[in-house]
S.K.: 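Just dropping this structure here.
Letters A, B, ... mirror the listed sequences (proteins, then strands); counts begin at 1.
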Number of protein chains: 2
Amino acid sequence: MDSATAREQALDAAEKLFYGRGIQSVGMDDIRGTSGVSLKRLYQLFPAKEQLVEAYLERRDVRWRGRLAAHVERHTDPERRLLAVFDWLEEWFGEEDFRGCAWINSYGELGARSERVADQVRAHKRAFRDYLASLVTAAGLPEALTGSLYLLAEGAMVTAGITGGTRPAAEAREAARSLMAAR
Amino acid sequence: MDSATAREQALDAAEKLFYGRGIQSVGMDDIRGTSGVSLKRLYQLFPAKEQLVEAYLERRDVRWRGRLAAHVERHTDPERRLLAVFDWLEEWFGEEDFRGCAWINSYGELGARSERVADQVRAHKRAFRDYLASLVTAAGLPEALTGSLYLLAEGAMVTAGITGGTRPAAEAREAARSLMAAR
DNA sequence: ACCGTAGGAGAACGCTCGTTCTCGCGTCAA
DNA sequence: TTGACGCGAGAACGAGCGTTCTCCTACGGT
């Protein structure tokens, strides 16, 4: 098995376990068991657990925003594209293994102790907000709307994570629609 | 020192440390050092750390909702009372030791592993949402508004926790005002 | 004064877990 | 064929921490 493959398998295991059970409760030995990558190899690829955590969050960030953007791209009407964000949240919330927002969860777990993780969470959230802002601008809507829609999306993510179910996404979408109509 | 006092001091230390640094990174020895209550006494009062955590969350829940309600009580106009929720969030976010919503953080840390903690978080959030619903009803506004305002408040809490600052509260209040005006 | 008990300080125990080390095996170049 | 090397399996090490135990002191009732 070459390094690139081992790395991917390690990250696959990390994502599955860290996201599903939390970061602190997953040991490097669990990663080894799930990934099939030996401890020696793991430590060659990632000198410490913290770096595996960072790589996990970074890869997930790229994929998460990619999936969101891909969904939005399916629409052309600018206002429809904004609402598509909430459609996608609903789809995401409904996935079998959905356990809330990985960054909000990680922040609750490590934000107080790891500045690196805290920075990654802030960067991810800023990127998401910037993306929303670009959609708002493209739709010719007032910039101030960005903050409202962002808060609705964050509220939906945290609520869906805690209570389960997809309803928060639908509620957020309706609120968003109403705010957009109010101009 | 009598039992009641020891219990209060233990809970004071637990709240300060658990909220400030996260639950898992605080040891029972830290609680002892901060509270001045000996380990033996701590284990008499709380047979295991998990029970101290539960007591911490429960006492904080009562106080948090009490403070919110007290702030809302200062107003009589029903719509003003709803907006006062966001005023209070802004005040809370601005406090020196604010580190986000204790329940969202705890859920990120322990929600996947402790059903008890997960239940407490859900109960707290349900109580908050029910309270919002009662304010919405009292103001003669449509029930559907509750979900929107709740998501705005949750989004503001999680965002203020991650990025710091009080701005999310102001943004949420403006969005809430707009939604209430849209009827 | 004397005993029984409660309580404090802190050592001790057992477990988990991040990280490193040992050992043995297979591979490949010369 | 041989020897150096990479790698996997898993033991080992060391730290942190939840929990319990030991020992000692203080005090209240008789």
S.K.: Round to a whole Å and report the spacing from CG of Asp30(B) to P of dG18(D).
M.R.: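 Those two atoms, CG and P, are 8 Å apart.
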S.K.: Between Pro47(A) and Ser25(A), name the one whose nearest nucleotide on DNA chain C is closer to the 5' end.
M.R.: Ser25(A)
S.K.: What nucleotide, of dA11(C), dG8(D), dG18(C), holds the atom closest to the side chain of Leu39(B)?
M.R.: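 So the nucleotide nearest the side chain must be dA11(C).
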S.K.: Measure from the side chain of Lys40(A), starting at C-beta and using heavy atoms only, and say which of dT22(C), dG8(C), dT19(C) lies closest.
M.R.: dT22(C)
S.K.: Take atom CG of Asp29(B) and atom C1' of dC13(C), then tell me their distance rounded to the nearest Å.
M.R.: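 Checked: the CG to C1' distance equals 15 Å.
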S.K.: Please give, in whole Å, the distance from dA9(C) C1' to Leu42(B) CG?
M.R.: 13 Å
S.K.: Within this structure, what is the CE-to-C1' distance between Met28(B) and dC21(D), rounded to whole angstrom?
M.R.: 16 Å
S.K.: Are Arg41(B) and Gln9(B) linked by a side-chain donor-acceptor pair shorter than 3.5 Å?
M.R.: no
S.K.: Take the angle between the ring planes of His124(B) and Trp103(B) and call it parallel below 30°, perpendicular above 60°, tilted in between.
M.R.: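 Because their plane-to-plane angle is under 30°, the rings of His124(B) and Trp103(B) count as parallel.
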S.K.: For Phe46(A) and dT19(C), what is the distance between atoms CZ and C1' respectively, to the nearest whole Å?
M.R.: 16 Å
S.K.: Using a heavy-atom cut-off of under 4.0 Å over every strand shown, decide if Val37(A) touches base, sugar-phosphate, or nothing.
M.R.: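 It contacts nothing in the nucleic acid.
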S.K.: Please state whether the rings of Phe93(A) and Phe98(A) are parallel, tilted or perpendicular, taking 30° and 60° as the class boundaries.
M.R.: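 Judged by the thresholds at 30° and 60°, the geometry between Phe93(A) and Phe98(A) is tilted.
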S.K.: Taking the basic N atoms (NZ, or NE/NH1/NH2) and the acidic carboxylate oxygens, is any pair closer than 4.0 Å for Glu58(A) and Arg63(A)?
M.R.: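 So Glu58(A) does not pair with Arg63(A) through a salt bridge.
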S.K.: Please report the distance, rounded to the nearest Å, between CZ in Arg32(B) and P in dA9(C).
M.R.: 7 Å
S.K.: Between dG10(C) atom P and Arg41(B) atom CZ, what is the distance in whole Å?
M.R.: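 Computing the Arg41(B):CZ to dG10(C):P distance gives 17 Å.
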S.K.: Choosing from dG18(D), dG8(D), dC7(D), which nucleotide comes nearest the side chain of Tyr43(B)?
M.R.: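 Of dG18(D), dG8(D), dC7(D), dG18(D) is nearest to the side chain of Tyr43(B).
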S.K.: Between the base of dG18(D) and the side chain of Lys49(B), is there a donor-acceptor distance below 3.5 Å?
M.R.: no
S.K.: Can you confirm whether the side chains of Gln24(B) and Arg113(B) place a donor and an acceptor under 3.5 Å from each other?
M.R.: yes
S.K.: Expressed as a whole number of angstroms, how long is the span from Gln44(A):CD to dC21(C):C1'?
M.R.: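 The answer, rounded to whole Å, is 14 Å.
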